[in-house]
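These notes are about the structure you will find just below.
Below, read A as the first sequence line, B as the second, and so on, with proteins coming before strands; counting in each chain starts at 1. Since we're looking at a predicted model, the values are computed, not measured.
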Amino acid sequence: MSQYDHKKIEKDWQKEWANNQTFKAENTSDKPKYYVLDMFPYPSGAGLHVGHPLGYIASDIVARYKRNKGFNVLHPMGYDAFGLPAEQYAIQTGQHPAITTEENIKRYKEQLDRIGFSFDWSREIRTSDPNYYKWTQWIFIQLFNSWYNPQTDKAESISELVSTFEKQGYQSEELQFTSEEWIGFDEKKKSDILLQFRLAFLSETMVNWCPALGSVLANDEIKDGVSERGGYPVERKLMYQWSLRISAYAERLLQGLNTLDWTESIKDSQRNWIGKSEGCSIVFEGDEALPNSLEVFTTRPDTIFGVSYMAIAPEHELLNDLCVVEYREAALQYAEKAKNRSERERQSEVKNITGAFTGSYVNHPFTGKKIPIWIADYVLGGYGTGAVMAVPAHDARDYSFAKHFGLPILEVVQGGDVSIEVYEAKQGKIINSNFLNGLEVKEAIKAAIKAVEDKKIGKGKTNYRLRDAVFGRQRYWGEPIPVYYENGIPKTFDEKDLPLVLPEIDKYLPTETGEPPLSRAKEWTYNGYPIETTTMPGWAGSSWYFLRYMDAQNENCLLSKETVDYWQNIDLYVGGSEHATGHLLYFRFWTKFLHDIGVVPFDEPAKKLVNQGMIQGISSIIHRVNNTNKFVSVGLKNNFETSSVYIDISLVKNNEVDVEGLKKWRPSEFENAEFEFENGLFLASAEVGKMSKRWHNVVNPDDVCNEYGADTLRLYEMFLGPLQDAKPWSTQGIEGVLRFLRKLWRLFHQGENESFLLPDTEPTKSELKILHKTIKKATEDIENFSFNTSVSAFMVCVNELQDLKCNKKQILEPLIVLLSPYAPHICEELWRQAGHKESIVYANWPQFNPEFLVENEFNYPISFNGKVRFNLLFALDKDLKEIENEVLANEQTLKYLEGKPAKKVIVVKGKIVNVVI
RNA sequence: GCCCAGGUGGUGGAAUCGGUAGACACGCAGGACUUAAAAUCCUGUGGCUUCACGGCUGUGCGGGUUCAAGUCCCGCCCUGGGUACCA
């Protein structure tokens with residue numbers, strides 16, 4: 001073979017790797033371990049586009065590099081196979097989602113295989129496989145049987161809690177009973193109490209209900225007030241639901257972030273999402289007309305003397321009692337209206353200030369002054385106590401509310417001018433505040449909390465924004481929840497009866513009465529009792545999948561202790577940053593829980609996280625003259641009223657449309673259309689956006705592999721720019737990468753008839769320098785995830801070796817080992833041609849030797865006032881003072897000095913000389 | 001509004017510690033080989049100016065620190081992403 005034939009090479013090696021199970025990882029080894037994982041894909045019907053493999057290529061390079069470095073590498077892949085699109089398709093066509101999913105997975109697998117990934121497919125998992133979701137259900141049962149002990153700060157068995165109840169009863173603000181009372185409670189009462197402790201629990205909660213999808217959604221499944229999938233409106237609705245008590249882990253989820261090598265922006269997102277705020281609760285007693293007291297949470301107890309009104313949420317439980325007769329009707333009407341406003345309306349009307357006075361008052365705990373109670377929709381029912389003490393002078397929302405309704409604004413912190421604008425900074429001296437006067441804000445907060453605690457009207461408290469996660473979905477295509485109801489009491493399945501397999505049903509829609517699809521299942525009972533009909537959300541299976549890869553076939557347990565002790569947690573996790581507050585939080589939560597119950601020895605799933613950027617598509621738009629079948633080239637569109645039509649990008653080159661192709665693409669739409677050209681061309685306009693079928697701008701990696709090869713695709717995706725950046729896909733430049741591989745090939749085929757030739761002659765110093773420069777760069781760049789710059793280093797290396805006509809074994813063999821993580825097929829082929837019997841996959845990574853890079857002279861740039869004018873060669877060990885003298889004596893220097901004396905000369909060894917005039 | 005990332009040639013991007021801005025690649029222009037094409041190779045390529053040597057200018061904008069700033073500091077503008085009344 002003399003020509004570089006990527007098709008043949010890539011096909012042959014992919015077959016050979018599969019046959020030899022080259023990438024199979026052993027669960028026991030003397031080698032150090034390295035676990036590198038990609039976020040697994042949801043196998044959609046559209047197949048992979050060129051954006052999907054970006055992260056996979058990066059992680060594959062790392063996986064291959066680590067193998068060359070002598071690590072035992074775990075690099076698996078699987079499918080997040082439960083999900084909405086397959087179910088929507090099932091509703092429309094009656095096709096079972098399992099069939100659609102199977103077909104999609106097959107296609108994904110074929111596409112992935114063509115790119116030459118080094119996955120260990122023997123460990124493949126699918127979340128929809130009963131052998132997998134058996135363990136998802138098992139984890140659910142453990143969550144149900146656990147509670148969070150704030151004393152030990154970990155999850156513990158619920159049966160131990162029950163025995164404490166039996167011995168000592170329970171005392172807290174919300175709940176009190178003695179051991180005798182507990183023993184006397186009936187089963188239902190006990191169950192209800194325990195549900196308040198279980199980590200998987202049923203409760204009446206306000207949920208995000210999406211009527212179009214017929215299901216509830218978690219907060220992170222909603223974007224801009226509509227469902228993330230499908231974009232349907234979402235309402236708030238009170239439902240009896242399964243939830244997971246992630247809030248119990250809020251502090252640990254927050255603290256754990258400090259130990260992780262993740263980007264600051266992802267960690268910040270999680271910190272914001274968890275939303276820790278420290279402050280204090282304060283009870284305001286009602287005046288004589290009002291027997292009720294009102295509890296608020298505030299982070300600014302220092303401003304307590306600035307309170308001018310109380311604001312309660314429209315959902316507040318005391319609302320009814322607080323509304324006095326003369327304001328009652330108006331107030332309740334307002335509350336009703338505010339409550340029923342959808343998320344979307346609430347958002348779009350943020351600037352619209354609304355509220356209503358209840359007519360009642362509380363007394364200020366320190367001044368005794370009467371403070372009016374208002375209903376305001378900017379107060380949220382679900383956070384804190386659903387009531388706030390409003391301090392208009394030092395809170396922006398209170399400020400605008402007070403301005404709008406003419407309520408007093410009392411300055412208590414110095415530093416701003418509250419007659420003009422709000423002063424929110426936590427800085428300045430306290431004034432008008434009795435015993436807090438003169439203190440700085442920080443001291444005043446402490447003093448105020450102490451005063452509140454001394455008075456026994458409240459105490460220091462920490463709140464978290466993080467809500468418990470709603471876990472039940474009114475859908476078919478998800479894991480069944482292994483719970484049955486014995487006389488209305490929820491009980492979990494016996495572990496030996498798992499998996500609870502999804503039943504066959506005739507239709508995938510909710511029932512006419514609004515029950516989830518599973519209630520269509522016949523004889524859906526356990527020991528004669530009805531089974532839970534909601535299923536788990538999409539994030540259930542993905543919250544622990546990384547563990548199952550370690551021991552994918554284990555039938556006896558989730559994974560064996562030996563395997564998890566060996567593999568530990570993920571060393572490198574690669575995936576999109578869009579999972580910042582969803583998957584990545586649940587995934588950490590489940591890991592911490594599994595740690596608490598002794599399943600895993602670590603409490604964070606992934607040490608390092610790298611987010612690849614999105615590869616965007618470039619869509620092409622042509623312009624149709626409104627109400628006609630006439631299309632005009634883009635330069636003419638301003639002469640008409642036009643609307644945009646997206647066309648397939650394959651029909652467009654450099655914005656020029658292949659009109660004949662267009663007619664064939666959609667004959668019904670374009671065959672008889674009229675086209676108006678400009679300068680003989682029909683031009684489209686371009687737009688950068690998400691790659692999607694909808695915009696006809698999807699580029700399939702298969703096509704790129706056919707035309708250029710998988711090695712070129714891999715190198716090109718890395719060469720496009722930094723891994724983390726978003727970038728539009730364009731094939732401009734892909735030719736350069738293919739040219740580079742051909743050049744590499746020719747280095748090995750310089751003989752007669754371009755036959756393979758690799759002489760084992762001693763390399764020269766300059767050849768060794770080129771090689772070792774590349775070893776250094778390639779190694780550092782992989783460690784820094786700077787793949788784009790290492791590709792250019794390879795190009796530089798090949799260009800320089802080509803100039804030297806170097807084809808020496810001692811240079812080229814190490815080079816292809818360096819390149820093999822990026823372009824595995826061609827390197828494997830050249831490696832075998834060089835006579836190696838073993839795969840390059842396990843070849844040793846070349847050792848960098850700095851001696852080859854040692855220079856003894858340097859061509860100093862000579863600059864004058866910072867402007868470089870010329871260069872002079874000096875030995876690196878030359879005395880700096882001598883360099884200075886020689887520079888000043890140089891005749892070119894005299895020219896730039898223009899007869900003036902040099903004020904100062906700076907000589908930086910090996911860097912630069914600067915003459916200051 | 002708040003948080004995060006970013007702004008460098010015609011294009012993608014490089015410059016890892018404050019030290020020759022534009023590596024590498026695309027595109028473009030010119031040339032070599034060829035009957036021709038493909039492939040390959042060579043030369044040039046930030047802008048302005050100059051026959052040329054060279055000069056001036058240049059990393060979103062305005063200031064500053066420094067012998068020296070794409071890089072550090074202050075103040076703005078713009079783009080992309082996240083988040084949204086969390087008291």
Side-chain angles (χ1 to χ4, degrees), chain A residues 3 223-225 263-269 271-273 275-277 279 296-300 303 311 313 343 346-347 349-351 353 376-380 382-391 394-398 400-401 463-467 577-578 580-581 611 613-614 616 654 688 715-716 719-722 724-728 730-737 739-740 742-743 746 777 780-781 784 786 788-797 799 802 859-871 902-917:
Chain A
Q3 286 277 309
K223 293 260 137 53
D224 303 322
T263 61
E264 276 310 308
S265 65
I266 292 273
K267 292 204 266 186
D268 276 345
S269 297
R271 287 186 189 111
N272 291 337
W273 194 261
K276 181 178 186 174
S277 68
V296 300
F297 173 76
T298 179
T299 56
R300 295 295 302 274
T303 62
E343 283 291 313
R346 274 200 176 201
Q347 278 182 13
E349 291 172 24
V350 165
K351 301 246 146 50
I353 295 156
D377 72 345
Y378 75 83
V379 181
L380 300 178
Y383 183 79
T385 60
V388 302
M389 57 175 228
V391 183
H394 307 290
D395 180 285
R397 295 151 305 176
D398 300 343
S400 31
F401 192 88
N463 264 334
Y464 298 89
R465 207 180 81 121
L466 184 68
R467 294 276 84 94
S577 55
E578 67 273 20
T581 53
N611 306 112
M614 189 174 54
Q616 297 149 312
N654 296 328
V688 173
L715 278 167
Y716 182 57
F719 189 57
L720 270 175
Q724 296 83 353
D725 293 3
K727 51 222 152 207
S730 125
T731 41
Q732 269 197 6
I734 196 167
E735 298 275 354
V737 172
R739 259 173 232 164
F740 156 72
R742 286 198 186 121
K743 270 189 220 172
R746 278 201 307 276
K777 183 89 176 124
E780 286 171 357
D781 282 353
N784 294 327
S786 177
N788 55 328
T789 51
S790 54
V791 176
S792 77
F794 292 130
M795 289 174 169
V796 171
C797 178
N799 286 346
Q802 184 182 254
N859 200 16
Y860 282 89
I862 312 300
S863 58
F864 295 82
N865 285 343
K867 282 181 192 171
V868 175
R869 296 299 179 177
F870 57 93
N871 290 60
K903 272 192 203 145
K904 197 173 168 190
V905 179
I906 288 131
V907 183
V908 185
K909 192 183 167 189
K911 287 264 162 79
I912 203 164
V913 176
N914 192 19
V915 182
V916 185
I917 306 169

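Remark: A:Asn788 is not in phosphate contact with B:rA23, judged by side-chain N or O atoms under 4.0 Å from OP1 or OP2. A close approach under 4.0 Å does occur between a side-chain nitrogen or oxygen of A:Lys867 and OP1 or OP2 of B:rU57. Between B:rA39 and A:Arg739, no contact under 4.0 Å exists linking OP1 or OP2 to a side-chain N or O. Contact check, A:Arg869 against B:rG55: a side-chain N or O comes under 4.0 Å of OP1 or OP2. In this structure, A:Tyr378 does not reach the B:rA87 phosphate: none of its side-chain N or O atoms is under 4.0 Å from OP1 or OP2. Phosphate contact (OP1/OP2 of B:rA87, side-chain N/O of A:Ser277, threshold under 4.0 Å): present.
Counting non-hydrogen atoms under 4.0 angstrom, A:Asp395 reaches nothing in the nucleic acid. Within 4.0 Å (heavy atoms only), A:Phe719 reaches at least one base atom of the nucleic acid. Within the 4.0 angstrom heavy-atom criterion, only backbone atoms of the sugar-phosphate kind lie near A:Lys743; the bases stay farther away. Counting any heavy atom pair closer than 4.0 Å across all strands shown, A:Pro728 reaches no nucleic acid atom. Across all strands shown, A:Arg746 has heavy atoms under 4.0 Å from sugar-phosphate atoms exclusively, and none from any base. Residue-level contact check: A:Val916 touches the backbone only, with heavy atoms under 4.0 Å from sugar-phosphate atoms and none from bases. In this structure, A:Lys267 reaches neither bases nor backbone, as no heavy-atom distance under 4.0 Å exists between it and the strands shown. Here A:Asn611 lies out of heavy-atom contact (under 4.0 Å) with every strand. At the heavy-atom level, A:Asn463 lies nowhere under 4.0 Å from the strands shown. Among the atoms of the strands shown, only primed sugar atoms or phosphate atoms (P, OP1, OP2) are found under 4.0 Å from some heavy atom of A:Ser265.
When rounded to the nearest whole Å, the span between CG of A:Asp725 and P of B:rU8 equals 12 Å. Put simply, CE on A:Met389 is 13 Å from P on B:rA87, counting in whole angstrom units. To the nearest angstrom, C1' of B:rC17 lies 7 Å from NZ of A:Lys911. Rounded to whole Å, atom P of B:rG13 lies 10 Å from atom OH of A:Tyr716. Atom-to-atom, CH2 of A:Trp273 to C1' of B:rG82 comes out at 10 Å; the value is rounded to the nearest Å.
Shown here, B:rC74 is classed anti by the O4'-C1'-N9-C4 or O4'-C1'-N1-C2 angle, which is more than 90° from 0. For B:rG62, the base adopts the anti conformation, since its glycosidic angle falls more than 90 degrees from zero.
Pairing for B:rG44 is with B:rC28, a Watson-Crick or G-U wobble pair whose two hydrogen-bonding atom distances lie under 3.5 Å. The nucleotide B:rG70 finds no pairing partner, because no Watson-Crick or G-U wobble arrangement with both distances shorter than 3.5 Å includes it. B:rU59: no Watson-Crick or G-U partner with both key distances under 3.5 Å is found in any strand. With a cut-off of 3.5 Å on both pairing distances, B:rG18 has no Watson-Crick or G-U wobble partner at all. The nucleotide B:rC85 finds no pairing partner, because no Watson-Crick or G-U wobble arrangement with both distances shorter than 3.5 Å includes it. Pairing of B:rA39, defined by two Watson-Crick or G-U wobble distances under 3.5 Å, is not identified with any nucleotide. Across all strands shown, B:rG6 forms a Watson-Crick or G-U wobble pair, both distances under 3.5 Å, with B:rC78.
Nearest heavy-atom pair, A:Met795 versus A:Gly736, reported as atom, atom and distance to 0.1 Å: CE-O, 4.3 Å. A:Asn272 and A:Arg465 make their closest contact through O-NE, 3.2 Å (heavy atoms, listed as atom of the first residue, atom of the second, distance). Across all their heavy atoms, A:Tyr860 and A:Lys911 have their closest contact at CE2-N, 3.9 Å.
Between A:Phe297 and A:Tyr383, the ring planes are perpendicular. Angles over 60° get that label, and only those under 30° would be called parallel.
Between the C1' atoms of B:rA21 and B:rU8, the separation comes to 8 Å (whole Å). Rounded to whole Å, the separation between the P atoms of B:rU40 and B:rC51 comes to 39 Å. Comparing the C1' positions of B:rC72 and B:rA68 gives an interatomic distance of 13 Å, to the nearest angstrom. Comparing the C1' positions of B:rG58 and B:rC53 gives a spacing of 22 Å, expressed to the nearest Å. Distance check on atom C1': B:rC33 versus B:rA39 gives 11 Å, rounded to whole Å.
The existence of a salt bridge linking A:Arg742 and A:Glu735 is excluded, since no basic side-chain nitrogen approaches an acidic carboxylate oxygen closer than 4.0 Å.
Nearest to the side chain of A:Gln802, among B:rC41, B:rG19, B:rA87, sits B:rC41. Candidate nucleotides B:rC3, B:rC41, B:rG12 were compared by shortest atom distance to the side chain of A:Asn272, and B:rC3 ranks first.
Between A:Phe794 and A:Phe740, the distance from one ring center to the other does not fall under 6.0 angstrom.
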